[in-house]
Amino acid sequence: MVGGGGLYHRSQEFTAPTVATVTGFDPFFGFFPVNVAANQVLASYSVNKPGFNVGVGVGLGTKWNAKFFAEARYTGCLSAIIIRIFCR
């Protein structure tokens with residue numbers, strides 16, 4: 001069983017695709033302008049919130065010395081249930 005609390009920082013950006021012009025260099029042609037794809041940030045938002053999480057996990061061994069683990073965790077700030085399954 002696992003649990004705890006902390007401070008969560010969430011940030012979000014709304015972007016739109018755009019084209020940026022940069023200077024390229026070629027040893028034969030020299031310097032020249034090049035158009036490349038880029039993202040323009042239209043708006044951004046960030047917030048700090050206190051939060052908590054609780055979870056439970058289980059581990060199972062096999063006769064080949066492999067161990068399987070499964071874990072489920074609820075994060076209160078994000079209102080999300082995270083499920084992980086892995087082998088070691």
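All heavy atoms count here, side chains included; hydrogens, waters and symmetry mates do not.
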Q. Within a radius of less than 6.0 Å around CZ of F32, do more than 12 heavy atoms belonging to other residues, nucleotides or ligands occur?
A. yes
Q. Considering all heavy atoms of both residues, which atom of L7 and which atom of P50 are nearest to each other, and what is their separation?
A. CD1-N, 4.0 Å
Q | Exercise: identify the closest heavy-atom pair between H9 and N48 | A | ND1-OD1, 2.7 Å
(Q) Is there a continuous path of hydrophobic side-chain contacts, each under 4.5 Å between heavy atoms, that joins F52 to I81? (A) yes
Q: Using side-chain hydrogen bond (donor to acceptor under 3.5 Å, both in side chains) as the criterion, list what pairs up with R73, not counting sequence neighbours.
A: none
Q. At their closest point, which heavy atom of V41 faces which heavy atom of E13, and how far apart are they?
A. CG2-OE1, 4.0 Å
(Q) In terms of relative ring orientation, are F69 and F86 parallel, tilted or perpendicular, with 30° and 60° separating the classes? (A) parallel
**Q.** Transitive ILVMFWY side-chain link I83 to V54, under 4.5 Å
**A.** yes
Q: Determine the minimum heavy-atom distance between N39 and T15, stating which atoms define it.
A: CB-CB, 4.2 Å
